[in-house]
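Heads up, the thing below is written out as structure tokens.
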Amino acid sequence: MHLNTARAICHDCAIRLASLMKQIILAMLKAALEKAHAHGKLKSIPTMIGLEAPRDPAHGDIATNLALAMARSEGQPPRAIAEIILEHIVLGHQVLEARAAGPGFINFRMAPAFWQGEIRRAMRDGAAFWRPQIGDGRKVQVEFLSANPTGPLTVGHGRNAVLGDTIARLHEATGYATTREYYFNDGGRQMKLLGESVRARYLEELGREVSFPEDGYQGDYIRDIAHALKESRGDELADQGDLEPFRTAAVDAIFADIRKTCARLGVRFDVYTNELDLIRGGAVDAALAGLRERGLIAEYEGAVWLRGEPLGLPKDAVLVRKTGEPTYRTPDIAYHIDKLKRGFDLIIDVFGADHIAEHNEVIAAVRALGHDTASIRAIIYQFVTLTRGGEKVKMSTRKATYVTLDELIDEVGADVVRFFFLFRKSDSHLDFDLDLAKRQAPENPVFYVQYAHARLASVFREAEKAGYQRPAPDADADLALLSDEELGLAKLAVGLPEVIEAATIELEPHRIPFYLLELAGEFHRYYNKPANRIIGADQSLTMARLYLAALLMDALRNGLQLIGVNAPERM
RNA sequence: GCGCCCGUAGCUCAACUGGACAGAGCAUCGGACUUCGGAUCCGAGGGUUGGGGGUUCGAAUCCCUCCGGGCGCGCCA
């Protein structure tokens, strides 16, 4: 179904893996399996091989559950199969050892020279190393945010913006031709209501008695727009019947604000698609006609309905109101067909949990119209709550107590907003702890990670005073001098590409901040031991350690860049 | 009532997508500075992974069921 998974790997595509270690081990296992099979020791050769990093480092660098998985079909105990495989393995110079362990795992330990080579490769190849090119130029579209321009972005929109943007960044970085798209509804009822709200405030500004529209937009920003309109146009709009100037003024002003807020977070879009163009282009009518042809339309109570039953949906859903206006989902069906026709290999929709039902309806309708929707993937996030002083901050639009995204950025800064929004699985509710977010202390994960980077930068400043240059990739450093602890740090650092690969394929950007926190933690622990002073009396050792430090800094910087968080040299 | 998501340490969450003794941070308690930035580190306590069944060599992860929370459930988006 999906491109790949992190664990079970088809060994013919091993060459595509971010991890050279996995490529090597897979090739070795494949060769061993074939040899054992040829010798009649094994009945068959599995097509998928599971590889995983053992939790306990004492178990080596990488392990396979191959023997466990084969036990049933081979009719032998796992340990016996493991021994057969081991008999046919040729280690070579890069793999130090392979041994059977536990219930039937085969554990591998790579040679120090292999890791030294990986460190050099990372330093030499730079971005090409850190960002595995798994996309092959395939076309991806990420549709996100897609908030209608009816008011300022809320905290909830923030999670969408950061999630979508980071998913786009991940795909861009890994070799996908990525389009970031913002879709909004400007044809419907809400826009009309927005225009009416502005007109009412405008007339108020002119001192006239007016009744504010029911369900109108009450926020102060409407007054600001109306005020600006009075400043620029005087009273010339007062007695003409056209709503359009108010609507346009509102949409323009609000969109400008939305873009400004996005820019503060480093979020940008390539394409804005609006409902009105789809309607004018006939796409919405065409979708409706297609559904009607297929008998998927019902008409009653004055409205046009999408029939739920033949589509496997729990209920009918309104497509066209009795007023003749389409509902949100109708142009959305046309929009998804449009996206499919544009030839993307992968279409990613980012939206909140409250839209699940609507999305299901849209996809069902699109499929019923004869389109293959397999390339569409949805990333659905749960809601955001704010906590301050252990109390939930009430966010209600109605009571105007809601916190806007801008206010949140004002309070804690863009880096913290981005990091915190990504620091949860999208399936999980996100509790944004404002007290923690504002703390400039190690318990704040953002500062903890950034501090690791700044600390390394400081080491290089210090090293320069002692006459050392920042090591070039081909620097004369003897990496064999590195201790096991240092090699462990390096292993973690060169594991970043795999994390990026998994985060991209699984659409799970939260893996990046978690990884960064771990790397920063390992570094801080290492750094704090007096025996590990990087700049010391031994010049060769100093060189080796500076080389390692440069590697760590590269990993931290690349990871932070990918999630749009600054990697400061000083804090 | 129905559908989707969630339930893991006192709190907020991870767990490489079915693997080896379930891990972090916060909070609590106790420690470490003539340090390349202490914005850091070390140690301790804390768990029947909501309960119960099942599948499997192996389950926090998959299935069933119950309990609890969130979201949604025809003319908002």
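Chain A is the first sequence line, chain B the second, and so forth, proteins listed ahead of strands; every chain is numbered from 1.
Counting only heavy atoms from C-beta on, A/Trp305 has its side chain closest to B/rG74 among B/rC6, B/rC71, B/rG74. Relative to the side chain of A/Asn107, the nucleotides B/rA77, B/rC13, B/rA20 differ in distance, and B/rA20 lies closest. In the set B/rG37, B/rG19, B/rG72, the nucleotide with an atom closest to the side chain of A/Ser458 is B/rG37. With distances taken from any side-chain atom of A/Tyr527 to the nucleotides B/rG19, B/rA77, B/rG37, the minimum falls on B/rG37. The A/Ala63 side chain lies nearest to B/rA20 when the options are B/rA20, B/rG37, B/rC36. Nearest to the side-chain atoms of A/Asp354 among the listed nucleotides B/rG19, B/rC71, B/rG74 stands B/rC71. Each of B/rA14, B/rA77, B/rC41 was ranked by its minimum atom distance to the side chain of A/Ser428; first place goes to B/rA14. Comparing B/rU12, B/rC57, B/rC41 against the side chain of A/His524 picks out B/rC41 as the nearest. Side-chain atoms of A/Gln382 lie closest to B/rC5 of the nucleotides B/rG74, B/rC5, B/rG37. Nearest to the side-chain atoms of A/Ala353 among the listed nucleotides B/rC71, B/rG37, B/rC75 stands B/rC71.
Side-chain contact, A/Thr166 with A/Arg418: a donor N or O sits under 3.5 Å from an acceptor N or O.
Contact check for A/Met110 versus A/Ile25: side-chain heavy atoms found under the 4.5 Å cut-off. Contact check for A/Asp554 versus A/Leu552: no side-chain heavy atoms found under the 4.5 Å cut-off.
Residue side chain A/His429 fails the stacking definition with respect to B/rG70, as its ring centre and the base's six-membered ring centre are not both under 5.5 angstrom apart and under 30 degrees in plane angle. A stacked arrangement is assigned to A/Phe105 and the six-membered base ring of B/rA20, with a centre-to-centre distance below 5.5 Å and an interplanar angle below 30°.
Protein atom CD of A/Glu361 is 11 Å distant from nucleotide atom P of B/rC75, rounded to whole Å. Rounded to an integer number of Å, the gap from A/Asp349 CG to B/rA77 C1' is 15 Å. In this structure, A/Glu508 places its CD atom 11 Å from C1' of B/rA15, rounding to the nearest Å. Residue A/Leu311 contributes atom CG, which lies 17 Å from atom P of B/rG74 at whole-angstrom precision. In this structure, CZ of A/Arg424 is placed 6 Å from P of B/rA14, rounded to the nearest angstrom. Across the protein-nucleic acid pair, A/Asp433 atom CG and B/rA27 atom P stand 10 Å apart, rounded to whole Å.
Contact annotation: A/Arg189 reaches the phosphate of B/rC76 (side-chain N/O to OP1 or OP2, under 4.0 Å). The side chain of A/Arg455 contributes no N or O atom lying less than 4.0 Å from OP1 or OP2 of B/rG37. OP1 and OP2 of B/rA15 both lie 4.0 Å or more from every side-chain N or O belonging to A/Arg55. A/Lys425 has a side-chain polar atom (N or O) that falls below the 4.0 Å cut-off from OP1 or OP2 of B/rA15. A sub-4.0 Å separation between OP1 or OP2 of B/rA24 and a side-chain N or O of A/Tyr515 is absent. Using a 4.0 Å cut-off, some side-chain N or O of A/Arg321 falls inside it from OP1 or OP2 of B/rA77. Dashed line: the shortest gap from a side-chain N or O of A/Thr385 to OP1 or OP2 of B/rU12 is not under 4.0 Å. Distances shorter than 4.0 Å separate some side-chain N or O of A/His510 from OP1 or OP2 on B/rA15.
Counting heavy atoms of neighbouring residues, nucleotides and ligands inside a 6.0 Å radius, atom NZ of A/Lys491 exceeds 12 of them.
Residue A/Asn185 is classed as a sugar-phosphate contact, given heavy-atom separations below 4.0 Å to backbone atoms only.
Among residues at least two apart or in separate chains, ring pair (Phe, Tyr, Trp, His ring centres under 6.0 Å) pairs with a member in residues 299-321 of chain A are A/Tyr300-A/Trp305.
Classification of the A/Phe419-A/Phe423 ring pair by plane angle, with boundaries at 30° and 60°, yields tilted. Between A/Phe255 and A/Tyr182, the angle of the ring planes lies from 30° to 60°, which puts this pair in the tilted group. Ring orientation note: the planes of A/Tyr335 and A/Tyr183 are close to parallel, at an angle under 30° on the 30°/60° scale.
Between B/rG43 and B/rU48, the distance separating the two C1' atoms is 27 Å to the nearest Å. For B/rG46 and B/rG25, the C1' atoms lie 15 Å apart once the distance is rounded to whole Å. Between the P atoms of B/rC63 and B/rG19, the separation comes to 15 Å (whole Å). The same atom, C1', is picked in B/rA9 and in B/rU28; the two are 13 Å apart, to the nearest Å.
Residue whose closest nucleotide on RNA chain B sits further toward the 5' end, between A/Lys529 and A/Asn360: A/Asn360. Nearest-nucleotide assignment on RNA chain B puts the 5′-proximal partner with A/Leu68, out of A/Arg329 and A/Leu68.
A cation-pi arrangement is present between A/Arg470 and A/Phe460 under the rule of less than 6.0 angstrom and at most 45 degrees off the ring axis.
Pairs of Watson-Crick or G-U wobble type, with distances under 3.5 Å, assemble into runs of 3 or more in RNA chain B at these ranges: B:1-7 with B:67-73, B:10-13 with B:23-26, B:28-32 with B:40-44, B:50-54 with B:62-66.
No donor-acceptor pair closer than 3.5 Å links the side chain of A/Thr373 to the backbone N or O of A/Ile376.
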